[in-house]
Asker: 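Quick one: structure below, then a few questions.
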Amino acid sequence: MRPPPLSLALSTLVRLCPSPGLGPFHPPPRAALSAGAAMEEELKCPVCGSLFREPIILPCSHNVCLPCARTIAVQTPDGEQHLPPPLLHSRGSGLPAGAAAAAAPPPDHETPAGPACGGGGGGGGSAAGGDHADKLSLYSETDSGYGSYTPSLKSPNGVRVLPMVPAPPGSSAAAARGAACSSLSSASSSSITCPQCHRSASLDHRGLRGFRRNRLLEAIVQRYQQGRGAVQGASAAAAVAVCQLCDRTPPEPAVTLCEQCDVLYCAACQLKCHPSRGPFAKHRLVPPPPPPPQPPRAPAEAASASPGAAQGAPSAGGSCKSPGASGAGAAGGGAARKYPTCPDHEMENYSMYCVSCRAPVCYLCLEEARHGKHEVKPLGATWKQHKAQLSQALNGVSDKAKEAKEFLVQLKNILQQIQENGLDYEACLVAQCDALVDALTRQKAKLLTKVTKEREHKLKMVWDQINHCTLKLRQSTGLMEYCLEVIKENDPSGFLQISDALIKRVQVSQEQWVKGALEPKVSAEFELTLDSEPLLQAIHQLDFVQMKLPPVPLLQLEKCCTRNNSVTLAWRTPPFTHSTVDGYILELDDGDGGQFREVYVGKETLCTIDGLHFNSTYNARVKAFNSSGVGPYSKTVVLQTSDVAWFTFDPNSGHRDIILSNDNQTATCSSYDDRVVLGTAAFSKGVHYWELHVDRYDNHPDPAFGVARASVVKDTMLGKDDKAWAMYVDSKRSWFMHCSSHTNRTEGGVCKGATVGVLLDLNEHTLTFFINGQQQGPTAFSHVDGVFMPALSLNRNVQVTLHTGLEVPTNLGRPKLSGN
C-alpha cells in the first residue's frame with residue numbers, strides 16, 4: 001500500500017503543533033523555511049551551535065561542520081616524539097579553537113619551504129619558539145595557512161586534545177619539518193570523536209576529506225537562510241561578500257578571492273592566513289565575484305555557500321576544490337543541478353548503492369576489490385525504498401503528534417476544571433466555616449490552606465506535563481520538517497547517505513510516546529468534602545472526611561472472556577480516584593434477559609462464574625461500595641457461552657477404581673465390578689450430544705451410558721438408583737434403566753469399534769440413545785428436568801473414549817423396534 005502524501009502529514013502536524021506559549025498556532029507558508037523554527041535545531045552544528053557550514057557525515061551518521069571537525073580532530077601518537085621548533089606556533093593559549101588562526105600575528109620572517117607533508121605547505125602562519133603547534137595543519141587537506149587549534153587539554157565538546165611535546169634543541173627547521181612529517185606519517189594517527197555519540201573514527205591519508213559532504217543538509221541550510229533572510233528584510237546585506245575566516249561579528253567584507261583555495265579573505269585575514277610567499281606565492285588572488293541579483297541571500301549564507309571553504313589547500317594538481325561542491329552549491333538556486341561525481345573517480349557519476357558500505361558508488365568502484373563481494377543495488381531503486389521507509393516512519397510520528405495535540409487540549413481542559421473546581425471548593429469551604437462560631441476561625445484557615453495546596457499541586461503537575469509534552473511535540477515537529485525537506489531533494493546518493501540515520505531517529509522519536517505518556521497524571525476533581533455538623537467539642541479535630549460514594553468500576557474488556565459454560569469478568573477502579581472502595585458486587589442475569597442476581601461480593605477484581613447454560617447470552621455488571629453506600633453500576637457487558645459443550649471425564653468425581661488417560665478422555669476400570677465416572681460439564685438447558693467409542697470389549701460386559709446427578713452412587717451400575725438415567729448394553733441387546741427398573745429391551749449390541757451416542761434435549765426434556773448412528777429403541781426417557789452430568793459405568797473388560805464438542809446430528813437413523 002502506498003503511504004499517504006507527506007505534505008498532507010506535514011500540514012496536519014503543523015496545524016496541530018502548539019506554540020511554546022500555548023496560544024493559537026498559525027502555520028507558516030510551506031515555502032518559507034525560516035518559519036519552521038522547530039527545524040532549526042536540526043540544522044545546527046553540535047560543536048559550535050550555529051547553522052551547519054560545509055557539513056560532513058561522520059561514520060556514526062551524525063553531522064558536523066568541517067571547520068568544527070578541525071577543532072575536534074586530534075593526533076594520537078603511538079610513542080613519545082618531539083616536534084621541531086619550526087612547527088610550534090606562537091599563538092595565545094587563551095584563544096578558542098576556531099579563532100586561533102585568525103588571531104595569530106603575522107610571521108616575522110619567511111620559513112624555508114620544506115618537504116610537503118599531508119596537505120602541502122602548512123607553515124604560512126607558523127613561527128619558531130611558540131608554546132604549542134597546530135598539529136592538524138600537518139594533515140589538513142585544505143591547509144591554506146589557517147588552522148584550528150585547541151590549547152586546553154579538553155575541548156568544549158569533551159574530546160581530549162593531546163598537547164605537543166616541545167622539540168629537542170639544536171634541530172634545524174627544514175630537517176625538523178621533514179623528520180616530523182615522516183614521524184607523524186609512520187608513528188601517529190589522527191582521529192575524530194563525534195560530539196553527540198562520542199564514537200571515535202580514525203582518519204586515513206586523505207584526512208577530513210575522506211568523510212563525505214552532506215549535500216542535502218547543506219542545501220536545506222541554504223534555503224533556510226534564504227527564507228529567514230527574506231523574512232527579516234536582510235536582502236540588502238546578502239549582496240555583500242564577507243570574509244570566510246573572520247572572527248568578528250559581523251564578518252568584514254571580503255576584498256579578495258583565492259582561486260586555488262576558493263576562500264574569501266578580508267584584508268587582515270589575507271595577511272595572516274594567506275601571505276604572498278612560500279606555497280601561496282603561486283596562488284592567484286582576484287576580486288570577489290559580484291553577487292547574483294536574485295534571489296536575495298542572507299549574510300550568513302555567503303560563508304556556507306562557498307563550496308570550497310573547507311578545502312582550500314592546493315592539491316598535487318594545483319587545485320583543491322571539493323568534488324561535491326558544485327552539487328551542494330546548486331541545491332538552493334534556480335540553476336540546473338550538477339549531479340555529484342565519485343570522489344575516487346571524478347569523471348564518473350554515482351550509479352549503484354553498496355549495501356555493505358552504505359554508500360553510493362560508481363561502476364569503477366564496483367570493479368575494484370573493495371566492493372567486489374559487497375551487496376549492491378540500483379541507486380534509484382534504493383533511493384525510492386529508503387524514501388518510502390522514511391515516509392512510513394513519519395506517518396507514525398504524525399499520528400502520535402495528533403494524539404499529543406488532543407492530549408494537550410485535554411490537559412488544558414483539566415486546567416480549567418481544576419481552576420473552577422478549586423474556586424467552588426473554596427467558596428463552599430468559606431461558607432461552611434463562616435457559619436460556625438469563632439472557635440472555627442483558625443481551623444478554617446488551615447482547611448483553606450489545604451485546598452490551596454491541593455490546587456497548586458495539581459496545577460503544577462499539569463503544567464509540568466504540558467511543558468514536557470510540548471517540548472517532545474516540538475522536537476518531533478522539527479524532525480518531521482527536516483525529514484520532509486530531505487525527502488524533497490532529488491539527490492539519491494546524498495539522501496542515502498543520511499537516510500538510515502534519519503529513519504532510526506524518526507523511529508526513536510515515535511517510540512518516545514510510550515504507553516501512559518499521554519495520560520494526565522492528576523485528576524481535575526477535588527476529593528475534599530467538609531462535614532459541617534460535628535459537635536462543638538470536635539471543632540479542633542475538624543478535617544476533611546470521606547463522604548463520597550465509590551466511583552463507577554471500569555470493565556476490562558480485554559480480560560473478559562468465556563470458556564464452555566463459564567464466564568470470566570475483570571474490572572478496575574478508575575485512575576485518580578481517592579474515594580475508598582470496600583468491595584464490589586457482581587451481578588448476572590439468567591441468560592434469557594431476566595432479572596439480575598448477585599453472583600459475587602468481595603474485594604477481588606477478577607471473577608469466574610461456572611455452571612452457566614450453553615449457547616446462552618448473559619449480561620453482567622458490577623458496582624462498588626464503601627461506608628458511604630453503593631456506587632453506580634458499570635456498563636453492561638454481554639457474554640456468549642459456547643454453542644456446543646467441550647468436556648472430559650472428571651477425575652475428581654469418579655470412583656477410585658476408574659482409570660483415566662488420553663487427557664481424561666479415555667476411561668477404563670481396574671475392578672470386575674461396575675464403577676461410575678461423570679463428565680466435567682453440567683447441563684440444565686439446551687440440546688446436547690456426545691459420543692463414546694468402544695476401544696476394548698472383552699468377555700461380554702454390560703457398560704452403561706447416560707446422565708446422572710452429581711450425587712449418583714459410584715460403586716454400582718449406572719441407573720440402579722434414582723439419580724441416574726442410563727442405557728446398559730451387551731453384545732446382543734440393550735435396556736433402559738432408572739431406579740433399577742429395566743425397560744425397552746432392544747436387539748442390537750456393541751462390540752470393539754462401536755460408537756454410542758447420547759442425545760440430551762432439555763428443551764423437550766427427553767433422553768435418546770444411538771448405536772453406530774442408529775437410534776437404539778424409542779425415546780429412552782421423558783420429563784427429564786433439572787441439572788444433569790454425562791455419566792458412564794464400566795468394568796475392567798471395557799475401555800471407551802469420549803468425543804465432545806459435536807453438533808447435534810440431523811441424519812441419525814430411525815429407531816429400532818424394541819424386543820419387549
Side-chain angles (χ1 to χ4, degrees), residues 1-17 27-33 35-43 55 57 61-63 212 214-221 223-224 227 327 331-332 337 339-340 350 352-355 358-360 375-406 472-514 518:
M1 181 181 293
R2 223 175 178 185
L6 288 178
S7 58
L8 177 60
L10 175 61
S11 61
T12 304
L13 182 61
V14 168
R15 288 196 301 271
L16 295 176
C17 179
R30 187 170 180 270
L33 290 178
M39 187 180 66
E40 185 171 346
E41 297 300 325
E42 301 288 336
L43 307 180
I57 306 175
S61 301
H62 291 132
N63 300 283
R212 298 180 181 273
N214 193 336
R215 297 183 300 275
L216 266 70
L217 178 58
E218 192 169 1
I220 293 173
V221 169
R223 290 205 307 273
Y224 179 80
R337 176 184 299 275
Y339 290 98
Y350 291 124
M352 301 296 289
Y353 178 74
C354 179
V355 179
R358 295 192 300 177
E375 179 185 359
V376 295
K377 294 182 179 179
L379 188 65
T382 310
W383 174 42
K384 294 180 180 178
Q385 178 185 357
H386 283 225
K387 272 198 173 185
Q389 294 177 0
L390 181 57
S391 301
Q392 293 176 357
L394 285 176
N395 289 333
V397 177
S398 177
D399 294 339
K400 292 298 181 181
K402 293 178 184 178
E403 296 178 9
K405 172 59 179 178
E406 297 174 356
K472 285 187 176 181
L473 182 60
R474 184 178 181 87
Q475 293 174 350
S476 299
T477 305
L479 179 59
M480 282 191 61
E481 292 180 3
Y482 170 62
C483 293
L484 291 175
E485 291 300 324
V486 171
I487 292 177
K488 292 177 186 177
E489 295 298 320
N490 295 323
D491 184 356
S493 59
F495 178 86
L496 294 175
Q497 291 175 355
I498 62 175
S499 59
D500 288 328
L502 282 180
I503 292 172
K504 291 180 181 178
R505 289 189 58 195
V506 170
Q507 292 173 347
V508 171
S509 177
Q510 181 179 358
E511 292 172 357
Q512 72 177 349
W513 301 100
V514 297
L518 300 182

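The structure displayed is predicted, hence computed values, not measured ones. The analysis underlying the following values was restricted to heavy atoms, covering all of them including side chains, and did not include hydrogens, waters or symmetry mates.
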Asker: Taking C-beta and beyond as the side chain, do Leu379 and Leu496 meet within less than 4.5 Å on heavy atoms?
Answerer: yes

Asker: Give me the atom names and distance for the closest heavy-atom approach of Leu473 to Ala404.
Answerer: CD1-CB, 4.2 Å

Asker: Arg215 versus Ser493: any side-chain heavy-atom pair under 4.5 Å?
Answerer: yes

Asker: Tell me every residue that passes salt bridge (Lys or Arg N to Asp or Glu O under 4.0 Å) with Arg505, counting only those two or more places apart in sequence or in another chain.
Answerer: Glu42

Asker: Ser398 side chain to Leu394 main-chain N or O, any donor-acceptor pair under 3.5 Å?
Answerer: no

Asker: Where do Arg212 and Pro360 come nearest, in terms of heavy atoms and distance?
Answerer: NH2-O, 3.7 Å

Asker: Output all residues satisfying side-chain contact (heavy atoms from CB on, under 4.5 Å) with Ile503, sequence neighbours left out; order by chain, then residue number.
Answerer: Gln389, Leu390, Gln507

Asker: To the closest 0.5 Å, what do you measure between OG (Ser61) and NZ (Lys504)?
Answerer: 6.5 Å

Asker: If you apply the rule side chain to side chain contact (heavy atoms under 4.5 Å, CB included), what do you find for Thr382 with Phe495, and how did you get there?
Answerer: CA-CA 10 Å; Thr382 310; Phe495 178 86; over 6 Å; no

Asker: To the nearest 0.5 Å, what is the distance between CZ (Arg474) and CD (Glu41)?
Answerer: 8.0 Å

Asker: Tell me whether Glu485 is salt-bridged to Lys488, with the criterion being a basic N under 4.0 Å from an acidic carboxylate O.
Answerer: yes

Asker: Nearest heavy-atom pair of Met352 and Pro378: which atoms, and what distance?
Answerer: CE-N, 3.7 Å

Asker: Measure across Gly396 and Gln510 and return the closest heavy-atom pair with its distance rounded to 0.1 Å.
Answerer: CA-NE2, 3.8 Å

Asker: Step by step, would you call Leu502 with His386 a side chain to side chain contact (heavy atoms under 4.5 Å, CB included)?
Answerer: CA-CA 10 Å; Leu502 282 180; His386 283 225; over 6 Å; no

Asker: OH of Tyr482 to CD1 of Ile487: how many Å apart, nearest 0.5 Å?
Answerer: 11.0 Å

Asker: Could you tell me the separation between the CG atom of Leu518 and the CD atom of Glu406, rounded to the nearest 0.5 Å?
Answerer: 9.5 Å

Asker: Would you compute the distance between atom CG of Asn214 and atom CD1 of Ile498 and round it to the nearest 0.5 angstrom?
Answerer: 5.0 Å

Asker: When rounded to the nearest 0.5 angstrom, what distance separates SG in Cys483 from NZ in Lys387?
Answerer: 12.0 Å

